[in-house]
Amino acid sequence: MSRRGRQAEAARNDLLLLEAAREVFTTQGFDAPVSAIARRAGVGMGSLYRRYRTKEELLQRLCLLAMERVVEVLEEALTAPDPWEGFAGYVRSCVGFRSGALGPVAGTIAVTDEMWRTSRTATGLAERLVARARDAGALRDDVTALDVSLLIEQFSRPAPGPDSDEQRHVRQRLLTIALDGLRAPGATPLPGPAPSATWYEGRWGTPP
């Protein structure tokens with residue numbers, strides 16, 4: 001096989017591994033053996049360990065990819081002509097690909113510098129998006145970008161049992177209810193102070 005052919009095969013195997021790992025971890029739990037990932041991806045254990053030496057490395061890569069995708073969604077949402085539609089589209093997109101599904105691993109893996117940088121890029125963009133919707137009078141004043149991130153995380157967790165059309169339908173109904181609850185002016189004041197960035201980042205570790 002040519003060098004280009006080997007590189008293409010390695011890239012395909014990596015994609016298969018990442019897709020399989022995300023599915024296994026979010027449905028079977030983060031204690032699932034890496035052998036289950038290799039089996040689901042249809043590759044040998046050697047291929048997995050050549051790319052990811054440890055389960056932690058694999059989880060770090062998955063977290064980074066999820067954050068990078070969130071950044072892309074936020075950048076697109078900020079270009080939407082209607083501030084509310086841009087905001088709601090961001091929430092729906094993130095729930096759609098379960099951007100917060102890896103939230104439960106917070107505090108169990110080391111956070112790389114690249115993960116911190118990407119997280120802060122996403123945070124800055126999310127704050128701009130929330131401020132834009134709030135300034136337009138579409139988003140209630142007491143909702144923060146972190147509130148929205150935590151809401152997305154809750155919706156990202158898989159329901160018991162295999163995914164189905166019925167479960168997806170229910171998730172969309174509940175998400176619509178949640179989005180209406182975010183609209184200004186808000187019927188009931190939110191209890192207590194907003195969650196802090198210090199608390200949120202502290203779940204993952206000490207920032208550099």
Salt-bridge present ([X], [Y]; N to O < 4.0 Å):
{"X": "R168", "Y": "D165", "answer": "yes"}
{"X": "E201", "Y": "R120", "answer": "yes"}
{"X": "R98", "Y": "E23", "answer": "yes"}

Counting only heavy atoms not in [X] (residues, nucleotides, ligands), do more than 12 fall under 6.0 Å from its [atom1]?
{"X": "E56", "atom1": "CD", "result": "yes"}
{"X": "D180", "atom1": "CG", "result": "yes"}
{"X": "R128", "atom1": "CZ", "result": "no"}

Where [X] and [Y] come nearest, the two heavy atoms and their spacing:
{"X": "A36", "Y": "Q28", "answer": "CB-OE1, 4.2 Å"}
{"X": "S156", "Y": "C94", "answer": "OG-O, 4.4 Å"}
{"X": "R157", "Y": "P104", "answer": "NE-CG, 4.3 Å"}

Quick check on the hydrophobic clustering: are [X] and [Y] connected, directly or via other members, by side-chain heavy-atom contacts under 4.5 Å?
{"X": "L48", "Y": "F30", "answer": "yes"}
{"X": "V70", "Y": "Y200", "answer": "no"}
{"X": "L15", "Y": "M67", "answer": "no"}
{"X": "L65", "Y": "V73", "answer": "no"}
{"X": "F97", "Y": "L62", "answer": "no"}

Requested in this report: State whether a side-chain donor-acceptor pair under 3.5 Å links R50 with S47.
Outcome: yes

Query raised in the report: Quick one: does D147's side chain get under 4.5 Å of L151's, heavy atoms only?
Result: no

Report task. Measure the shortest side-chain to side-chain distance between L150 and E153 over non-hydrogen atoms and say whether it is less than 4.5 angstrom. Result -> yes

